[in-house]
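Letters A, B, ... are given to chains in the order of the sequence lines, protein chains preceding strands, and every chain is numbered from 1.
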Number of protein chains: 2
Amino acid sequence: MTSQRAYHHGDLRRAVLTAALDVIRDSGPAGLSLRDLARRAGVSHAAPAHHFKDRAGLLTAIAAEGYGLLADALAEAPELRERGVRYVRFCREHPAHFQVMFAPELLRTDDPELLAARTRAGEQLRAGAGDLAVSERGEDAGLAGVAAWSLAHGFATLLLGRNLEEPLAGRDPEEVFRDLTGLLFQGS
Amino acid sequence: MTSQRAYHHGDLRRAVLTAALDVIRDSGPAGLSLRDLARRAGVSHAAPAHHFKDRAGLLTAIAAEGYGLLADALAEAPELRERGVRYVRFCREHPAHFQVMFAPELLRTDDPELLAARTRAGEQLRAGAGDLAVSERGEDAGLAGVAAWSLAHGFATLLLGRNLEEPLAGRDPEEVFRDLTGLLFQGS
DNA sequence: GCCCAATCTAGGCATTGACAAGTTTGCGTA
DNA sequence: TACGCAAACTTGTCAATGCCTAGATTGGGC
């Protein structure tokens, strides 16, 4: 019987992270309570603090994990358009991570782990933009990158905010996004 | 001397809204406290509740106001590209409104005033998309609209999240966005 | 001039985040 | 194997907050 909880949880850090992701997924970061997460994990109310220091620490850890996952997802994609699709897929598979990643006022933005993961993801984003600048008659690579990122990020954000339900009319978001890039990046 | 506050504030509703917008502008909705707003307005801690019911009510009022302002801003613009520029301008001039408008988990999404303002803004958005579908060889108007909205929304969101500081390198965001649309909507 | 409803105050309760101090446990080391 | 120490967790506490209820004040309409 494991009902008799041991003094040591085993992997409380992961348990709290997972529970937090659940809560954020359907209530947003605002619905998050450290004490509630502790209850869910079956530990005392102050236990999570030992792993994350405080609320901002927990959210920072989530953001860092998210940037890592995003970097991995982008790295798998061969070229720019597919990278955009991966971006959209990422926001659907990891909506909680995605939300927190782009809520800087909730994070400790100078956290080393966060910065490292963020940099890694940024490199993957810029790598994709490079492709575009070449195919797209040598325009400013930075500008093209911003365009592509804006498009993917806007689509992802609106999607998570349930703002595209009517226009999408039940179609698969990734498929629609593919059409979108086809519409805009006609040259490629 | 007005230092002797009257029992009635005069325009507490507006005062609380304004103070809330200030707080949200630089701390996000998470940093918002009704009691703090009451203190700033010099009233008792429960006074704001009479105007907004609760936290969600206040944020809903802000979102509704935001959609109204956005609808007005979009209505002024003659054609699609300029409408995108207005969208970006709006997010810079009313960052607090913008943030709250797209944080549905903080709002009472069935509030009549919110729905009305939201609908009005939606019409303005769709009106712009119609223009595009015509100029853009008759493609699905819905898809083109989603593309334009995604681009503007993504740019705006990344801008507010301070994610474009390096790529923009101090350039005026609106100007950059104009270039962006020029790059993507080559046909027009 | 009076009454009523809108506006604001005062008090209270449950919940939360953060902190401090103490307890238990596992693990490396001698 | 025994020891000691640091990591992991608990318990208790405090100030702050959201929200509720009941009561006080005020101004405008009849």
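Candidate nucleotides D:dT10, C:dT16, D:dC20 were compared by shortest atom distance to the side chain of A:Ser33, and C:dT16 ranks first. Residue A:His45 has its side chain nearest to C:dC19 when only D:dC19, C:dC19, C:dT16 are considered. Comparing C:dT16, C:dG12, C:dT9 against the side chain of B:Val43 picks out C:dT9 as the nearest.
Among the atoms of the strands shown, only primed sugar atoms or phosphate atoms (P, OP1, OP2) are found under 4.0 Å from some heavy atom of A:Leu32. Residue contacts for A:Leu58: at a heavy-atom cut-off of 4.0 Å it reaches no nucleic acid atom on any strand shown.
Regarding A:Arg13, its CZ atom lies at a distance of 12 Å from the P atom of D:dC9, rounded to whole Å. For the pair A:Phe52 CZ and C:dG17 C1', the computed distance is 16 Å after rounding to whole Å. Put simply, CG on A:Asp11 is 15 Å from P on C:dG26, counting in whole angstrom units. The separation between A:Leu34 atom CG and C:dA18 atom C1' is 9 Å, rounded to whole Å. Counting to the nearest Å, the P atom of C:dC8 and the CZ atom of B:Arg35 are 17 Å from each other. As rounded to whole Å, 12 Å separates atom C1' of D:dT10 from atom NE2 of A:His50. Computed from coordinates, the A:Asp54 CG to C:dT16 C1' distance equals 13 Å when rounded to whole Å. The separation between A:Arg55 atom CZ and C:dA18 atom P is 8 Å, rounded to whole Å.
Summary of the strand contacts: A:Asp36 and A:Ala49 both lie near DNA chain C, and taking for each the nucleotide with the nearest heavy atom, the more 5' one is attributed to A:Asp36. Sequence order on DNA chain C of the closest nucleotides to B:Leu12 and A:Arg39 puts B:Leu12 first from the 5' end.
In this structure, A:Arg14 and A:Leu21 approach most closely via the heavy-atom pair NH2-CD1, 4.0 Å.
Residues B:Phe90 and B:His94 bring their aromatic ring centres within 6.0 Å.
Here A:His51 does not reach the OP1 or OP2 of D:dA7: none of its side-chain N or O atoms lies under 4.0 Å away.
Between A:His153 and A:Tyr87, the ring planes are perpendicular. Angles over 60° get that label, and only those under 30° would be called parallel.
Side-chain contact of B:Arg83 with B:Gln124: a donor-acceptor pair under 3.5 Å is present, judged by distance alone. A donor atom on one side chain and an acceptor atom on the other are not found under 3.5 Å apart for A:Arg108 and A:Thr60.
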